[in-house]
Amino acid sequence: MKALYSSDAILTPIPYLKIKPGIRISKTAVQFPIAATKRCFSIKAVLDSVSFDELSEIRNPAISTSYRNPKLRRPNQTVLDAQTKVCTGPTQTKPLNAEQAFKVLDTILKSVKGELKGEEEVSKAQLGAFFAAMTIRANAFPEPTQWSDGERTAMTYYWPHLMRVLPPDIIFLADPEQSIMGVSSSIGPCFVGNGTAEMRLVGALREILAGGHLGYEEVQGVLRDVLPLSSEDKKTAAASESLLAAFLIGQRMNRETDRELKAYCLAFDDEHGPAPVADIRSLTHYGEPYDGNTRFFRSTLFVAAVRSCYGESCLLHGLDWMPPKGGITEEQMLKFMGANTQLNSLQAKELLEDEDVGFAYISQREAQPFLYSLIELREHIKKRPPLATTEKVQQLVRAKGKEAIVAGFYHGGYEESLLMLMRRRGIHSGLVVKGEEGALSMTTRLKSASASKGLSVNYCSGFRSLNETPNSATDGVSRESFNIVVNAQDYGFEPTDTPRTDRSVTRNIELGLSALRGEKGPAYDRIVLNAGMVDHLLGCDGAEDVSSALERARDAVDSGKALKRLLGYINKSHRV
């Protein structure tokens, strides 16, 4: 295999890289930059004696699942499998059959009685999510997704036993108005919670469990009351995990209203004070799904390096690992290559203003620790909460010039919600993309004849502001709206299947770096396509013509400028 790049400079290897026995590695192999306090190391590396196929078998950190924090409690798998079916929307829910329902309720009963330990124990968050989902289905879902006969039979058998051992908050979630279980109990109707924060949460849950919706201030009030969720001392938390889990999954099951999504989106904007303002003419905020890609090449990091070459600064944000997918993220790739992934907003601002860099990455861990505190709970509720939508529409750094937001989506209907949130941000341009896996990457592959119904992959919708300086409010701004399905073949790209990465961080890096070295192929095409089309659709200067926009992106790659910027970022991220 050819070296990705070569250098005679001093190199620093990743300190915790574990090599599979039998793999021979030269002195300069697998070496990425780690900045030292007093020394400035080169960022070029040599991979001349080991292939990425071999690297993909390295235990840590080559595979996305290895980035999960080992301190997080694992959920009970039996109940989690049931949550996959029932903790979802009014048309997506799949009722359990009798065998499944009996197994789940028997598992819950044994756990609450203390008969299951460790990873077999059913967490409070799981109990809250499961019983809240069952209640919402009974109260508000259409007949096909209400309880099955098997679920009713199982609940009739187990509920008298469960009532004797379940804590009051779970009994409340399972039968808040004493109208579902058919067993006389005053616990549900009388439950109010402990403390002011929990009392507010219980009041909101009564509306949610009935299939209702909340106001903007009500949602914000609950979130600010109960977060951050303490992971060290559960007894000091403002509200029980079961109630907060029910709140998050319940709002998603009821399909959030615009005012609810706005509340989630804006609740913690000022957690660290106002966002710093970078002295740059253009800034694009990239909202990739935080839980990453599990199958296909994720191109956004490399697209950002390309677009920064001609003054379109890019800010990426996300996490190293996020449920439910636990896929490849930008943070994993940057961390593996030796970049500093602990930057705050002020440090990111400095890199955005650097004429030789022009893009940056911020982790939610640093920027929004209140939301970061929910990772374990999010794994235990299984399905994506409203935050999975709203965290993609953040402005962790502002710009003196034009601002745009680009976000990926998968489920139909959420494209309008995302655009609504972007307009609420008062930006110049907004774009949502139905990329592969719900990510941002448009593909050059042909649409399959057996493709699912609904919006197709490469569907784009958005707006371009006609005002030079848009308001922060949603009115008073003239916008040009558009929607389009991008057909890559119309712009001269050959149809190709998207490269598979299958959770391999190193494979994703190999594809991206090879493309930035000018190696033609599917990864190269996707980077050029996504850079040029985003420039064009956002109305960027010099991208009015699609062909010109694509050619500009190609030149940034073929000249080596994009690779130089990515390598420069890795180095300078340690020096800001």
Side-chain angles (χ1 to χ4, degrees), residues 64 283-308 312-319 322 325 327-334 359-362 364 384 388-395 403-412 414-415 417-419 421-422 427 429-445 455-463 482-486 488 493 498-499 501 508 511-512 515 522-538 540 543 549-550 553 562:
S64 67
L283 177 61
T284 303
H285 306 265
Y286 273 92
E288 282 276 22
Y290 276 26
D291 61 349
N293 284 37
T294 59
R295 293 179 293 159
F296 298 118
F297 174 55
R298 186 157 164 131
S299 65
T300 298
L301 172 62
F302 309 102
V303 170
V306 170
R307 297 185 70 230
S308 69
E312 297 297 338
S313 302
C314 302
L315 181 64
L316 315 178
H317 51 94
L319 271 177
M322 174 67 83
K325 288 169 68 172
I328 297 168
T329 67
E330 286 71 31
E331 183 165 334
Q332 291 171 11
M333 289 186 279
L334 286 168
F359 72 96
Y361 171 82
I362 301 179
Q364 186 189 72
R384 295 174 180 84
T389 298
T390 60
E391 65 197 358
K392 293 185 286 190
V393 191
Q394 298 300 314
Q395 288 173 294
E403 291 190 65
I405 297 178
V406 185
F409 78 100
Y410 180 78
H411 294 290
Y414 279 99
E415 72 277 12
S417 298
L418 285 165
L419 290 172
L421 294 173
M422 293 178 189
I427 57 174
S429 305
L431 173 66
V432 292
V433 179
K434 184 173 181 179
E436 291 181 308
E437 293 194 68
L440 279 170
S441 186
M442 289 178 251
T443 180
T444 64
R445 70 177 173 85
L455 298 173
S456 64
V457 173
N458 283 19
Y459 173 85
C460 299
S461 182
F463 61 87
F482 61 87
N483 58 75
I484 182 176
V485 177
V486 174
F493 291 94
T498 304
T501 54
N508 209 99
L511 288 165
Y524 176 97
D525 287 348
R526 277 155 183 76
I527 291 171
V528 170
L529 174 67
N530 283 275
M533 287 305 302
V534 165
D535 288 337
H536 173 69
L537 294 174
L538 292 177
C540 297
L550 293 171

Where [X] and [Y] come nearest, the two heavy atoms and their spacing:
{"X": "L440", "Y": "G408", "value": "CD2-N, 3.4 Å"}
{"X": "G532", "Y": "L550", "value": "CA-CD2, 3.9 Å"}
{"X": "L511", "Y": "P499", "value": "CD1-CB, 3.6 Å"}
{"X": "M422", "Y": "A407", "value": "CE-CB, 3.7 Å"}
{"X": "V485", "Y": "V457", "value": "CG1-O, 4.2 Å"}
{"X": "S299", "Y": "N530", "value": "OG-ND2, 4.2 Å"}

Main-chain N/O of [Y] paired to [X] side chain as donor or acceptor, under 3.5 Å:
{"X": "S429", "Y": "A404", "answer": "no"}
{"X": "Y361", "Y": "G318", "answer": "yes"}
{"X": "N458", "Y": "M442", "answer": "no"}

| task | Classify the side-chain pair R298/T501 by whether it contains a donor and acceptor separated by less than 3.5 Å. | result | no
| request: Would you please say whether a donor-acceptor pair under 3.5 Å links the side chains of T498 and E436? | output: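 Judged by distance alone, the side chains do pair up.
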| Which residues pass the side chain to side chain contact (heavy atoms under 4.5 Å, CB included) test with H317, sequence neighbours left out? |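 Residues passing side chain to side chain contact (heavy atoms under 4.5 Å, CB included) with H317: Y290, Q394, L396.
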| task | Identify, with sequence neighbours excluded, every residue that meets side chain to side chain contact (heavy atoms under 4.5 Å, CB included) alongside A543. | result |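 Listed in chain order: D535, C540, A549, R552.
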| For F359, what residues pass the ring-ring contact (aromatic ring centres under 6.0 Å, His included) criterion, not counting sequence neighbours? | Y569
| said: If the condition is ring-ring contact (aromatic ring centres under 6.0 Å, His included), which residues does Y286 pass it with, not counting sequence neighbours? | reply: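 ring-ring contact (aromatic ring centres under 6.0 Å, His included) list for Y286, sorted by chain: empty.
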| Contacts of type side-chain hydrogen bond (donor to acceptor under 3.5 Å, both in side chains), residue T294, not counting sequence neighbours | E437
| Partners of T300 by side-chain hydrogen bond (donor to acceptor under 3.5 Å, both in side chains), sequence neighbours excluded? |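 Checked T300 against side-chain hydrogen bond (donor to acceptor under 3.5 Å, both in side chains); matches are E288.
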| query | Going from OG1 on T389 to CG on L421, what distance comes out if it is rounded to the nearest 0.5 angstrom? | reply | 8.0 Å
